[in-house]
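Below is one structure; the comments refer to it alone.
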Amino acid sequence: MLELTSVFLFMLFGGMAVGCALSMIVQRNPLYSAISLVGVFVSLACLYVTLAAPFIAAVQVIVYAGAIMVLVVFVIMLLNVETEVRRPLRLRYLIPVAAGLSFVLIAQVFFMLFFVGPVSSAPSNVGLTASIGAGLFTEYILPFEITSVLILMAIVGAMTLARRAADIPLAARSADSSGAAGSPFTDPINDSRISGSRPGLTEIVGREMAARAIERLESRTGRGQGEET
Amino acid sequence: MIPLSWYLALSAVLFTIGAAGVIIKRNAISMFMCIELMLNAVNLTFVAFSSHFNDVTGQLFVFIVMAVAASEAAVGLGIIIAIFRNRESLDVDEASILKL
Amino acid sequence: MNWNSPLVQAGLTMLGINIAFVVVLMIVAYTVLAERRILALIQGRLGPNRVGYGGVLQPFADLLKFILKEEVIPDQATKFFYLLAPIIAITAALMTIIVYPFGPTVNLPFFGPVKLVIAQFDIALLYVLGMTSVGVYGIMLAGWASNSKYSLMGGLRASAQMISYELSLGLSLVGVVLMSGTLDLYSVVELQTNRWEFSPVLNFFLQPLSWNIFLQPLGFIIYLISAIAETNRVPFDLPEAETELVAGFHTEYSALKFALFFMAEYVNMFTVSVLATTLFLGGWNGPGVATFPVLGVFYFLGKIIFFLFLYIWLRGTLPRFRFDQLMNFGWTFLLPAAILNIIVSATVAYFYY
Amino acid sequence: MTNHWLSVVVFAPLVGATINWLIGRRVRSEAFIGIIACGSVGISTVIAFMIAFTEANGAALTNDAATPVMSHLWTWMQVGTFRADFGFAMDRLSGIYACFVTFVALLIHVFATGYMHGDRGFYRFFAYLNLFMFMMLTLVLADNILLMFVGWEGVGLCSYLLIGYYFNRQEAGDAAKKAFVANRVGDWGVILGIMLIFSLTGSISFFDKPAMEGVGAVESFLTVARGMPVESFTWGAIFAGGLTSAAVLLFIGATGKSAQIPLFVWLPDAMAGPTPVSALIHAATMVTAGVYMIVRCSQVYVHAPTAMFIIAIIGAATAIFAATIGLAQNDIKKVLAYSTVSQLGYMMLACGVGAFGAAIFHVMTHAFFKALLFLGSGSVIHGMHHEQDMRRMGGLKKYMPITFATMLTGGLAISGIPIFAGFFSKDEILWKTWSTASLGVANAGQILWLIGAVTALLTAVYMTRMMVMTFWGGERFREVPAGGQASEAHAHADDEDLKPHAARFDSAGDRPRHETGAHVGDAHHGSPHDEASDLTIDDDEDEHAAHHGPFTPHESPWVMTVPLIVLAILSTVGGLVGVPYALSSLIGLGDINYFEHMLEPAIAHAPGEHGAAANGGGTHQTPSASNPEWLSPPPQAHDGASPLSVGDGSHGEPGGGRAHDPHEVSMERLFTGISIVIALVGIGIGWLMFQKRPLLAMPRLLENKYYVDEVYNASIINPLKTGSRNVLWLFFDVGVVDGIVNGVGRGTREIGSVLRHLQPGFVRSYAAIILFGALAVIGYFAFSAYQVLPFTR
């Protein structure tokens with residue numbers, strides 16, 4: 001009975017995961033892909049629960065579904081990424097290559113599974129928050145701390161990238177005001193390049209964000225004219 | 001109990017899908033998501049092993065992998081936005097020269 | 001009948017979930033009515049008072065209206081997500097309610113002692129946070145799928161706001177977790193039963209002193225503010241600022257789909273209130289619960305109602321933030337304050353627990 | 001015993017050098033710099049003497065057991081059985097060295113504060129000088145040969161820095177480089193010698209040292225060498241890789257450092273440095289380092305008769321060779337320089353004949369009188385407004401009485417007039433040479449004695465010539481130099497001194513011209529020696545040119561004369577610590593050769609002695625250099641298995657219980673008489689030859705130093721330059737090295753042009769390639785796992 005239930009759950013969530021994953025790479029619209037991926041994550045979270053790892057399951061939902069993918073969706077919406085344009089493929093040969101490599105990978109794994117066979121295992125109770133916390137803060141304190149440094153680096157890196165984007169209009173503005181034509185930088189306020197083929201939506205967002213960035217920069221530097229950067 | 005190999009097989013399938021996606025997809029964000037899928041496939045093996053061998057280490061690694069993935073998302077998306085602002089396209093094949 | 005057989009337990013749990021859904025939805029419905037009446041009072045009006053005695057049937061009349069209205073789907077909308085969004089919103093909102101303990105262990109006739117919680121598990125708090133974070137998809141997808149600039153703006157604003165404040169909200173709870181040493185909400189509440197040992201009489205009257213709010217005042221304030229922002233309520237209702245964005249992300253939604261968003265918002269209000277009650281105000285604890293456990297349910301409801309009233313009250317009195325003020329406040333005040341709270345709590349917890 | 005004050009002796013000058021370099025250059029007060037420099041050396045001196053003579057501090061020189069005072073700072077390196085400590089030790093030998101080095105150096109420092117007065121690089125000079133002291137004391141007090149080598153290199157460095165002190169003068173820089181290169185040639189031998197000694201004996205330490213925390217005990221390589229057989233006297237022994245090879249290799253280093261043939265050429269050129277430097281480094285201390293090393297390793301040398309023979313030959317040859325050159329030099333410092341080389345040859349000769357004690361004794365007395373002579377010459381140069389050519393001096397005794405008196409003392413001392421220090425040491429060397437038994441060739445001792453005696457004669461002659469030219473005769477400095485003189489002076493390889501004073505750098509002595517006006521005020525201000533400073537700063541172009549007409553030499557200030565006086569006293573009485581028995585018994589004093597006895601435990605003796613002593617009645621006689629047995633050749637072939645231990649000498653009661661063979665004693669007295677006669681004859685010849693004609697032209701061959709520099713240039717340097725240019729540069733560097741580098745670059749480019757097709761810039765192809773690689777690795781592991789693991793199916 002229980003066996004049947006767990007098999008059923010595995011099939012359900014595993015099937016969902018595979019289905020969503022397939023959907024993710026089949027979909028041409030990145031947003032659909034993203035939502036499919038969220039589906040994979042949630043399915044995997046459910047699998048983790050069946051594997052008696054509730055903490056990881058919850059973190060999976062919070063981090064992957066709740067943070068990373070929200071960011072991705074946010075970016076997709078912000079950039080208004082459209083369906084992949086069908087244009088003459090430059091690297092057409094990659095599709096058969098991918099298929100071949102995928103087949104090899106699958107073959108290898110199942111080769112291993114077939115020959116290694118089942119592993120005896122014991123019922124688990126290690127997935128509780130307390131055991132994870134104990135492991136994380138005793139034996140694995142160093143990886144944990146390194147991870148925190150990594151995250152700090154990521155924060156700084158992301159801020160740097162974002163700030164560079166904010167600097168560009170400033171330079172463009174000063175270049176414009178000095179009459180220099182052909183500036184390599186774009187002015188996101190008057191440039192429609194930032195919006196996609198869907199006019200009127202993200203263009204407004206982009207303009208608003210850029211204008212706010214300029215405003216903030218100017219108020220920080222305390223002058224109306226930006227300097228050459 | 002579900003046999004361990006089932007989870008491993010599932011993980012392998014997901015990983016393969018992700019790997020194939022990285023090669024096939026041209027959109028930077030889609031590639032990014034495929035990489036996340038591969039990470040998750042690995043996470044699944046970690047959790048499965050951890051659970052089957054009753055050892056918490058695997059789950060700790062999953063935890064750390066998630067932290068790495070989060071960092072990667074922050075920086076990666078920042079880069080994607082920067083690329084988009086300069087090229088008005090997310091097609092990685094367009095970005096084949098190390099120049100803006 | 002073997003009450004302990006898994007099937008029976010599962011069935012009972014299903015039953016409990018359904019009952020809880022009904023109760024919550026009823027509470028939500030009457031919260032809406034209460035909001036309208038109280039707002040009216042604050043603004044010197046009468047409010048809806050015609051349907052049923054004093055307007056008690058008004059929610060059902062509204063529901064009927066929503067059901068009967070025409071389903072409008074914008075031509076340019078991305079249909080799948082357009083339809084999916086409200087479902088995600090209401091589902092994510094409702095899914096959290098199974099973990100809240102709404103009363104102490106009571107002796108029911110025929111059943112014996114029963115814990116008044118539908119599901120008790122190790123990571124209940126994380127579960128709540130996870131569900132809350134999934135809820136943001138509903139709003140984002142709704143804004144994007146409607147293919148309308150007001151919707152998109154509202155959706156973007158809402159998602160940015162929710163991502164930002166979710167951080168402070170989660171961090172404000174860490175203090176409580178540190179004090180309690182568990183993520184299980186039932187244990188958290190139980191820990192607030194008898195923290196200090198006074199004389200029996202004082203124990204009776206001073207029971208509220210055991211509540212986490214007295215250990216975590218800063219955490220509570222941060223939580224409260226973040227929770228209001230999280231639910232997009234006044235003064236943080238930027239996503240649906242009528243004067244700027246018509247109605248925000250659900251501008252293009254009508255009829256029952258709008259009703260789902262509407263309900264999701266109030267369910268969210270309810271859940272954050274419950275969470276505040278559970279984590280900070282002792283849940284079902286209160287003077288006399290030790291003697292009459294059933295009293296706990298009423299304490300619990302009373303505290304929730306207090307919070308709901310607080311929301312309505314705020315809505316009636318406070319002006320709206322500007323978007324940059326909102327972001328600045330979240331990132332430069334609430335987040336550092338939450339981190340400070342964690343540091344202090346961790347230090348204290350290290351030395352006293 | 002352990003006494004860490006010993007480290008203070010070494011490190012005080014380093015501290016002084018650091019202070020002068022870091023602070024002195026900013027303070028720019030000569031008083032401050034001088035006090036720091038002299039003070040740090042003074043501290044070293046005081047502590048060195050305390051350690052050497054006071055019981056409480058170990059009395060390294062006088063304690064009966066001859067135990068060295070040790071100061072182990074840290075273990076420098078320890079690899080396997082190799083142990084090199086950073087530690088110092090003062091035994092009898094290094095104690096004598098440390099005492100006279102610090103004392104002479106102190107006097108020279110004091111002298112230099114006067115001599116260098118007004119120089120722009122005052123702080124630099126004293127920083128270098130103090131650094132030199134640090135290095136010299138490290139060399140002397142090091143407790144292992146490797147640390148000694150550190151000091152060895154360090155003094156070489158400081159010598160380089162100080163010779164090239166006037167770095168804006170071409171010849172100073174060239175001389176510095178020459179000295180450096182010549183020393184490097186020698187150092188090659190030292191390094192190889194150290195390695196060979198380690199591989200032969202498994203130790204590089206001079207002293208037995210107990211195990212300490214973390215390091216094992218170490219036995220002195222000298223102790224080990226003592227137990228090794230004496231090697232045979234054959235030329236092949238040099239290349240056999242035994243102790244003889246090590247001894248010869250070390251001696252190669254000594255020829256470089258102590259300016260022996262063939263590496264002596266740098267020392268005369270080194271006179272381009274300031275005179276105090278010449279006195280300190282190139283007369284008194286550094287150049288005797290080679291002698292020190294040989295005496296220190298005497299236990300090795302007594303087992304290597306071939307090496308001893310070579311040393312004796314080289315030493316004697318150097319002595320007479322340099323003496324003849326010195327006879328013909330006109331530059332006062334050059335005369336002294338060749339004199340130094342000659343005297344170093346004497347010391348080497350003493351080492352070669354096994355008279356290590358006499359060598360050290362001569363080192364010490366030589367330090368006194370040669371430092372005195374150099375300082376005196378510095379005083380003369382100072383008083384003569386930096387004129388070094390003796391042909392423009394003359395009659396100075398009227399103007400510089402103190403300098404004259406002290407230099408006369410030095411001259412008598414070096415000539416070997418009795419009572420003066422040089423007499424005793426030189427006489428002892430000559431006697432030991434005659435009576436040596438340790439040379440493997442018949443009558444070699446007598447031949448070498450003859451060379452030494454001729455050298456002694458020549459020494460007396462050229463010293464007399466120098467004194468006469470400088471202090472007697474007409475006052476030639478008043479004459480305007482004539483063209484004929486200038487052409488005559490072309491014989492000088494590097495002196496332009498005698499040309500008419502038109503060139504910018506004419507007549508420059510060892511001091512460069514001061515910048516006109518730039519330092520006049522600087523020198524005037526706050527100077528306690530107004531007279532001196534006036535005259536010093538007068539030394540600038542116009543003034544000098546105007547003066548070279550008549551001017552009046554002047555006596556030097558007291559900071560310069562006081563050291564002269566002290567050194568003169570030492571040159572007079574310094575030899576009395578080592579009066580041989582043969583002479584002291586003459587006036588009924590018994591054995592008062594304290595120096596010999598003091599040094600006894602630290603040096604080894606020719607292995608033949610032991611057999612002789614054992615033959616002599618079975619009593620344990622103290623073998624000493626003055627032991628009568630030395631005279632008679634070993635009665636029979638010694639067994640060679642038990643050369644004497646280093647410490648054996650201390651068992652004897654000093655001054656008593658020794659057997660002095662009357663025959664020996666009378667022979668020695670005879671030879672002493674011969675020495676005195678030689679000295680007097682030499683002085684007489686010099687006086688007769690040069691009193692009337694001070695400008696007597698000397699043979700061209702001698703004046704041009706046997707064309708040694710020219711021969712070296714033609715035979716070694718030019719072929720080396722040509723070879724470097726044509727083979728090493730144009731063929732090897734340009735052709736091979738550059739060819740390889742360029743070829744690698746070209747090859748890389750070619751490979752890159754092929755491989756770049758793997759890097760098209762398409763991220764997705766990269767991903768495919770990475771995946772392919774990963775799959776290959778996985779496949780490999782899957783396959784190996786399939787083969788290795790036990791499988792359930």
Side-chain angles (χ1 to χ4, degrees), chain A residues 6-7 10 14 17-18 21-22 24-25 30 33-34 37 40-41 44 47-48 51-53 56 59 63 67-68 71-72 75-76 79 81 84 90-91 94-95 97-98 102 105-106 109 113 118-119 121-122 124 126-127 131-132 135-136 140 143 147 150-151 154 157-158 161-162 164-165 193-194, chain B residues 1-10 12-21 23-27 29-30 32-34 36-37 40 43-44 47-48 50-57 59-60 62-64 66-71 73-75 77-82 84-85 88 90 93:
Chain A
S6 47
V7 168
F10 177 81
V18 174
L22 282 176
M24 184 193 83
I25 63 164
S33 292
L37 189 57
V40 177
F41 291 158
L44 285 182
L47 277 178
Y48 293 162
L51 278 169
I56 292 298
V59 175
V63 173
I68 297 178
L71 264 184
V72 171
V75 168
I76 292 171
L79 301 183
V81 182
E84 276 185 55
R90 296 175 71 180
L91 302 167
L94 278 177
I95 292 174
V97 166
S102 308
L105 180 56
I106 287 287
V109 171
L113 289 178
V119 189
S121 56
S124 164
V126 293
S131 58
I132 288 183
L136 210 53
Y140 292 93
T147 310
L150 179 77
I151 289 176
L161 285 164
R164 198 178 62 180
R193 291 203 288 170
I194 207 164
Chain B
M1 269 319 263
I2 309 288
L4 178 59
S5 51
W6 289 24
Y7 288 101
L8 299 184
L10 175 61
V13 170
L14 290 177
F15 188 89
T16 309
I17 294 173
I23 299 179
I24 292 171
K25 297 297 250 185
R26 279 179 295 154
N27 188 309
I29 295 183
S30 300
F32 175 83
M33 291 190 291
C34 289
E36 296 290 339
L37 179 62
N40 265 273
N43 281 356
L44 179 59
V47 176
S50 162
S51 172
H52 278 260
F53 294 119
N54 210 359
D55 183 350
V56 79
T57 312
Q59 298 189 22
L60 299 180
V62 171
F63 192 77
I64 288 167
M66 285 178 182
V68 173
S71 314
V75 179
L77 290 173
I79 292 172
I80 286 174
I81 290 176
F84 186 82
R85 282 179 191 225
E88 48 179 317
L90 285 178
D93 289 353

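Protein chains get the first letters and strands the later ones, always in sequence-line order, with residue 1 at the start of each.
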Which atom of [X] lies closest to which atom of [Y], heavy atoms considered:
X        : Y        : result
A/Ala21  : B/Ile17  : O-CG2, 3.7 Å
A/Met24  : B/Lys25  : O-NZ, 3.7 Å
A/Ala158 : B/Val75  : N-CG2, 4.4 Å
B/Ala12  : A/Ile106 : O-CD1, 4.0 Å
B/Ala20  : A/Ala98  : O-CB, 4.2 Å
A/Gly135 : B/Leu60  : C-CD1, 3.7 Å

| task | Take B/Phe84 and A/Val75 through the test side chain to side chain contact (heavy atoms under 4.5 Å, CB included) and record every step on the way to the result. | result | CA-CA 11 Å; B/Phe84 186 82; A/Val75 168; over 6 Å; no

Heavy-atom contact with chain B under 4.5 Å, split by part of [X]:
X       : value
A/Val63 : side chain
A/Ala67 : neither
A/Val72 : both
A/Ser33 : both

message: Could you check whether any side-chain heavy atom of A/Leu44 comes within less than 4.5 Å of a side-chain heavy atom of B/Val47, counting everything from C-beta outward?
response: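 Side chain of A/Leu44 against side chain of B/Val47, heavy atoms only: no contact under 4.5 Å found.
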
- request: Could you tell me which of B/Asn40, B/Leu8, B/Ile80, B/Val13 has the largest number of non-hydrogen atom pairs under 4.5 Å with chain A?
  value: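 The residue among B/Asn40, B/Leu8, B/Ile80, B/Val13 with the greatest pair count is B/Asn40.
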
- Query: Based on non-hydrogen pairs under 4.5 Å, which of B/Ile79, B/Ile64, B/Val56 is most in contact with chain A?
  - Reply: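 Of the candidates given, the most pairs with chain A belong to B/Val56.
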
First locate atom [atom1] of [X], then atom [atom2] of [Y], and finally report the distance between them rounded to the nearest 0.5 Å.
X        : Y       : atom1 : atom2 : value
A/Phe41  : B/Glu36 : CZ    : CD    : 5.5 Å
B/Met66  : A/Ile56 : CE    : CD1   : 5.0 Å
A/Leu136 : B/Phe63 : CG    : CZ    : 5.5 Å
B/Leu37  : A/Leu37 : CG    : CG    : 6.0 Å

Side chain, backbone, both or neither of [X] within contact of chain A (heavy atoms, under 4.5 Å):
X       : answer
B/Leu77 : side chain
B/Leu44 : both
B/Phe32 : side chain

For this session: Could you check which of A/Ala154, A/Pro143, A/Ala17 has the highest count of heavy-atom pairs closer than 4.5 Å to chain B?
Result: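 Heavy-atom pairs under 4.5 Å are most numerous for A/Ala154.
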
ask   = Going through the distances and angles, do A/Ile76 and B/Ile29 end up as a side chain to side chain contact (heavy atoms under 4.5 Å, CB included)?
value = CA-CA 8 Å; A/Ile76 292 171; B/Ile29 295 183; 3.8 Å; yes

Practice problem: For side chain to side chain contact (heavy atoms under 4.5 Å, CB included), just list the numbers for A/Ile25 and B/Met33, CA-CA rounded to whole Å, side-chain angles, deciding distance to a tenth of an Å, and then say yes or no. | Solution: CA-CA 9 Å; A/Ile25 63 164; B/Met33 291 190 291; over 6 Å; no

inquiry  = In terms of relative ring orientation, are B/Trp6 and A/Phe10 parallel, tilted or perpendicular, with 30° and 60° separating the classes?
reply    =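 The arrangement is tilted - the two ring planes meet at 30° to 60°.
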
